[in-house]
Amino acid sequence: MKRQPLAYRMRPTSVEEVIGQHSLLGEGMMLSRMIKANQLSSMVLYGPPGTGKTSIARAIAGSSGMHFRMLNATVHHKKDMETAVEEAKMYGSLLLILDEVHRLDKAKQDFLLPHLESGLLLLIGATTANPYHSINQAIRSRCHIFELEQLEPDDIEKALRRALADEERGLGHEKIDIAPEALRHLALACGGDVRAALNALELAVLSTPKQSDGTRSVTLRSAEQSIQKKSIQHDKDGDAHYDVLSAFQKSIRGSDVNASLHYLARLLEAGDLISIHRRLLVIAYEDISLANPQAGPRTLAAIEASERLGLPEARIPLANAVVELALSPKSNSAYKALDAAIDAVRKGGSGEVPRHLKDAHYKGAQQLGRGSDYKYPHDYADGWVKQQYLPDKIAHHRYYEPKQTGKFEQALSEMYKRRS
């Protein structure tokens, strides 16, 4: 019989064995208090892959002494849940650990709800998707939401050392000499995913030939070859993806060029050029705008160049664009002015178009007073003449409030003052 992977074998059997997640399981934290008092209620554990969601759920089950059943919302059917309910009736209650809980369809939700309500089932759902976006409100309202943090390299290294020492479940029965830098590389390169780190450790050990004394010497090179590159801790459709995009724009807006390049690197490693292109173009006109008007066309040129080049060369024009946008003066005055105008229109701040501005290109328009008294600006010095353009009702409204962050908008501001 084939042995289970190391990550599976090393799953904690009690809460005391859980590594990291001190914000949930530390002294005095709510989840820790619930477990110690044996007063569990339904919950959803939410966080990145490999942070221990299912492991914590199993550990809670082990510490509580409750009967439990593990199901996956993607692969298990309503009939499996009916079986779980029958078990719950037999034992008085049941802890249902449900992986991929955000994939529950309506039929399964409708079946589970009354049993969650009555307390016959206690649900521990696990998901990488933000439950506030992905889980039905009826289920969510009956659960506590606990967010898991990405594990730190020190936590992962601790898990690796535990696996090396454990003779029953881990690799303690082997004679292993692992270089400290190899262990650290596994802890760092896994991207916070302890499951990936443990399985890479097992591969590195078992693929290393034994020496004459039976020792396996795991080098840094072996560790590098054994762990697949974890480019970024999110997928293109996941919640974390939008967190990185948000941080990308906010770093550019905040003029932190190093943070901007960091988040660009993460997005490039995910291979998501489409999101990068769209976000850069938005930034050029939302955050830079009139403070550096040429940033928009130059950003578009960089985007077009990156599309033609493709990865990896696409990173070169994109780097130019990001550095310029991050270090450019910032202004949001143009779109804020438009938003103010839209808001006023929606609230009834419109009024009738002044007669002298109305269309006069049809027979009979003059008799109706359309276009009469209109002053053609090009007939006047500097191509400008004072006349009213806004409806009478809002003749004195101002939407545009210029900023002084760039020379171009400073010039616009001076013109604005003279002609207001």
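Between the side chain of Ser93 and the backbone N or O of Leu120, no donor-acceptor pair lies under 3.5 Å. Under the 3.5 Å distance criterion, the side-chain polar atoms of Ser55 are left unmatched by any main-chain donor or acceptor of Arg11. Side-chain atoms of Glu87 never come within 3.5 Å of backbone atoms of Leu94 as a donor-acceptor pair (strictly under, hydrogens ignored). Proximity of a side-chain donor or acceptor of Tyr416 to a complementary backbone N or O of Tyr400 within less than 3.5 Å is detected. Looking only at distances, no side-chain donor or acceptor of Arg315 sits under 3.5 Å from a matching main-chain atom of Leu311. Judged by distance alone, with hydrogens and angles left aside, the side-chain atoms of Asp382 form no donor-acceptor pair with the main-chain N or O of Trp384 at under 3.5 Å. Panel note: side chain His356, backbone Gln388; a donor-acceptor pair is recorded below 3.5 Å. With hydrogens and angles ignored, the 3.5 Å screen pairs a side-chain donor or acceptor of Asn199 with a backbone N or O of Ala7. Side-chain N or O atoms of Ser328 include one that pairs as donor or acceptor with a backbone N or O of Glu324 at under 3.5 Å. Between the side chain of Ser251 and the backbone N or O of Ala247 there is at least one donor-acceptor pair closer than 3.5 Å.
Within 6.0 Å of NZ on Lys336 lie no more than 12 heavy atoms contributed by other residues, nucleotides or ligands. The neighbour count for Asp379 CG, taken as heavy atoms of other residues, nucleotides or ligands under 6.0 Å away, is above 12. Heavy-atom contacts from other residues, nucleotides or ligands closer than 6.0 Å to OH of Tyr389 number more than 12. Other residues, nucleotides and ligands place more than 12 heavy atoms under 6.0 Å from the CD atom of Glu181. When the shell of 6.0 Å around CZ of Arg308 is examined, it contains 12 or fewer heavy atoms from other residues, nucleotides or ligands. Applying the 6.0 Å contact sphere to NE2 of His262 captures more than 12 heavy atoms from other residues, nucleotides or ligands.
Here the options are Val205, Leu198, Leu206, the test is side chain to side chain contact (heavy atoms under 4.5 Å, CB included), and the partner is Glu202; only Leu206 passes. Evaluated for a side chain to side chain contact (heavy atoms under 4.5 Å, CB included) with Leu96, the options Leu116, Val101, Leu112 yield exactly one hit, Leu112.
Using a 4.5 Å heavy-atom cutoff, the side chains of Met30 and His144 are in contact. By the 4.5 Å heavy-atom criterion applied to side chains, Val194 and Ile19 are not counted as neighbours. The closest side-chain heavy-atom distance from Leu264 to Phe248 is below 4.5 Å. Between Leu25 and Ile35, some side-chain heavy-atom pair lies under the 4.5 Å cut-off. Considering only heavy atoms from C-beta on, Ile288 stays 4.5 Å or farther from Thr299 through its side chain. For the pair Pro293 and Glu409, the minimum side-chain heavy-atom distance is 4.5 Å or more. When side chains are defined from C-beta on, Val44 does not count as touching Arg140, because their heavy atoms never get closer than 4.5 Å. Inter-residue side-chain proximity for Asp105 and Lys78 is flagged as unmet; no heavy-atom pair is nearer than 4.5 Å.
Using modelled atom types, one finds no donor on one side chain facing an acceptor on the other under 3.5 Å when comparing Thr74 with Glu100.
Salt-bridge annotation for Asp343 and Lys347: present, with a side-chain N of the basic residue lying under 4.0 Å from a carboxylate O of the acidic one. Using a 4.0 Å cut-off between a side-chain N of Lys or Arg and a carboxylate O of Asp or Glu, Arg266 and Glu269 do not qualify as a salt bridge. Comment: Glu286 does not engage Arg279 in a salt bridge, judged by the lack of any side-chain N to carboxylate O separation of less than 4.0 angstrom. Salt bridge Arg169/Glu17: present, at least one basic N to carboxylate O contact under 4.0 Å. Of the charged side-chain nitrogens involved, none lies within less than 4.0 Å of a carboxylate oxygen, so that Asp166 and Arg162 do not count as a salt-bridged pair.
How far CD1 of Ile145 is from OG1 of Thr127: 9.5 Å, rounded to the nearest 0.5 Å. Distance check, rounded to the nearest 0.5 Å: CG of Leu151 to NZ of Lys158 gives 11.5 Å. Atom OG of Ser222 is separated from atom NE2 of His185 by 11.0 Å, given to the nearest 0.5 angstrom. Considering CG of Leu45 and CD of Glu147, their distance stands at 11.0 Å, rounded to 0.5 Å. Rounded to the nearest 0.5 angstrom, Leu412 CG and Lys417 NZ are separated by 12.0 Å. One distance of note links CG of Leu24 with CE of Met29; it measures 9.0 Å at 0.5 Å rounding.
Thr51 approaches Glu149 most closely through the heavy-atom pair CG2-O, 3.5 Å. Taking every heavy atom of both residues into account, Leu6 and Gly170 meet most closely at CD1-CA, 3.8 Å. What you find for Leu95 and Met66 is that their closest heavy atoms are N-CE, 3.9 Å.
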Requested in this report: In sequence, state the C-alpha distance, the side-chain angles, and the governing distance for Phe146 and Met34, and then conclude on side-chain contact (heavy atoms from CB on, under 4.5 Å).
Outcome: CA-CA 12 Å; Phe146 294 109; Met34 287 169 65; 3.9 Å; yes

Report task. Assess whether side-chain hydrogen bond (donor to acceptor under 3.5 Å, both in side chains) is satisfied between Ser413 and Gln404, documenting all intermediate values. Result -> CA-CA 8 Å; Ser413 178; Gln404 305 296 315; 3.1 Å; yes

